[in-house]
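Quick caveat: nothing in here was measured; it's all calculated off a predicted structure. Hydrogens, waters and symmetry mates are skipped; everything else that's a heavy atom, side chains included, is used.
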Amino acid sequence: MLFCNIKGVTNGFPLRIEMEKFVVKEVEFNADFLRNVFPKIEWKALVDAAQSMGYAELPKDTEWPTMLLDDSNEFLKKFQHALLELHLEEGALICPETGRRFPVNKGIPNMLLHEDEV
């Protein structure tokens, strides 16, 4: 999870995504991994990030114990797609407090700070 670490910033997470281009990279489905990583995810941040990339299939709120045990794995497949398969290729990550834009080129965010931000 990336956050804005500019000196003095207290509300640097989650970074807002400004998407110009994204790609989908398929990943082999692994329900056990997804069930284990789920409690560690900041759900609202993931939902907002997925929506900013045009993916609106995640529920805003989850009753996660029930959804994670669903035998159809429908929820887990949507979760996997948002978490592991959507990749921001071109765009920017934007600090929620300062509005500072961190460019993303070829899938790599440039989080280097200017001298006066350190």
Side-chain angles (χ1 to χ4, degrees):
M1 297 277 187
L2 295 176
F3 63 94
C4 180
N5 60 356
I6 294 173
K7 176 178 62 177
V9 169
T10 58
N11 182 27
F13 177 85
L15 295 172
R16 191 169 48 89
I17 295 175
E18 185 177 274
M19 189 261 310
E20 293 175 19
K21 177 184 173 187
F22 76 95
V23 295
V24 175
K25 299 179 181 178
E26 289 189 30
V27 174
E28 185 177 334
F29 182 70
N30 184 334
D32 290 333
F33 168 77
L34 294 167
R35 285 187 186 103
N36 288 326
V37 77
F38 184 85
K40 299 171 185 154
I41 298 296
E42 181 74 35
W43 187 253
K44 183 179 178 341
L46 178 64
V47 170
D48 290 348
Q51 286 180 341
S52 70
M53 293 177 57
Y55 186 69
E57 297 298 314
L58 295 176
K60 295 226 184 269
D61 296 310
T62 64
E63 295 178 19
W64 66 270
T66 305
M67 297 178 113
L68 291 177
L69 297 174
D70 177 17
D71 287 337
S72 73
N73 290 324
E74 180 182 335
F75 169 75
L76 289 177
K77 289 177 183 174
K78 291 176 182 179
F79 175 46
Q80 173 176 296
H81 185 70
L83 182 67
L84 301 174
E85 296 180 338
L86 293 177
H87 292 266
L88 179 64
E89 281 293 303
E90 303 292 332
L93 301 174
I94 303 167
C95 174
E97 185 174 319
T98 66
R100 165 77 147 80
R101 296 169 46 85
F102 298 95
V104 177
N105 295 305
K106 298 180 183 174
I108 301 169
N110 180 349
M111 301 297 293
L112 294 175
L113 299 177
H114 300 299
E115 211 170 292
D116 61 332
E117 296 173 325
V118 179

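Side-chain contact between Trp43 and Leu58 is present, with at least one heavy-atom pair separated by less than 4.5 Å. By the 4.5 Å heavy-atom criterion applied to side chains, Leu34 and Asn73 are not counted as neighbours. Looking at heavy atoms from C-beta onward, Glu18 lies in side-chain contact with Arg101 at the 4.5 angstrom threshold. Side-chain atoms of Glu90 and Val104, non-hydrogen and from C-beta on, never get closer than 4.5 Å to each other. Here the side chains of Leu15 and Ile94 are not in contact, with every heavy-atom distance at 4.5 Å or above. Residues Leu113 and Asn5 are in side-chain contact: their nearest non-hydrogen atoms beyond the backbone lie under 4.5 Å apart. Two residues are said to be in side-chain contact when any heavy atoms from C-beta on lie closer than 4.5 Å; His81 and Leu86 meet this criterion. Between Leu76 and Phe29 the shortest side-chain heavy-atom distance falls below 4.5 Å.
To the nearest 0.5 angstrom, Ile17 atom CD1 is 11.0 Å from Gln51 atom CD. Rounding to the nearest 0.5 Å gives a distance of 14.0 Å between NZ of Lys78 and CD of Glu85. For the atom pair NE2 (His114) and NZ (Lys7), the distance works out to 13.5 Å, reported to the nearest 0.5 Å. Summarising the geometry, atom NZ belonging to Lys60 is positioned 7.5 Å from atom NZ belonging to Lys44; distances are rounded to the nearest 0.5 Å.
Hydrophobic clustering, with ILVMFWY side chains joined whenever heavy atoms are under 4.5 angstrom apart, keeps Tyr55 apart from Val23. No path of Ile, Leu, Val, Met, Phe, Trp and Tyr side chains, each step under 4.5 Å between heavy atoms, connects Met111 with Ile108, placing them in separate hydrophobic clusters. Transitive grouping of hydrophobic side chains (ILVMFWY, heavy atoms separated by less than 4.5 Å) brings Ile6 and Val118 into a common cluster.
Considering all non-hydrogen atoms of both residues, Cys4 and Cys95 come closest at SG-SG, 3.2 Å. Contact detail for Gly107 and Pro109: the closest heavy-atom pair is O-CD, 3.6 Å. Counting all heavy atoms, side chain and backbone alike, His87 lies closest to Met53 at C-CE, 3.8 Å.
When the side chain to side chain donor-acceptor pair (under 3.5 Å) test is applied to Arg16, no partner is found at least two apart in sequence or on another chain.
In this structure, Glu97 places its CD atom where more than 12 heavy-atom neighbours from other residues, nucleotides or ligands lie under 6.0 Å away.
Phe38 and Phe79 have perpendicular rings, their planes meeting at more than 60° on a 0 to 90° scale where under 30° would count as parallel.
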*What do the steps show when you test Phe33 against Leu84 for side chain to side chain contact (heavy atoms under 4.5 Å, CB included), and what is the final call?*
CA-CA 11 Å; Phe33 168 77; Leu84 301 174; 3.9 Å; yes

*After noting the C-alpha distance and the side-chain angles of Val9 and Thr98, does the key distance pass the side chain to side chain contact (heavy atoms under 4.5 Å, CB included) rule?*
CA-CA 8 Å; Val9 169; Thr98 66; 3.6 Å; yes

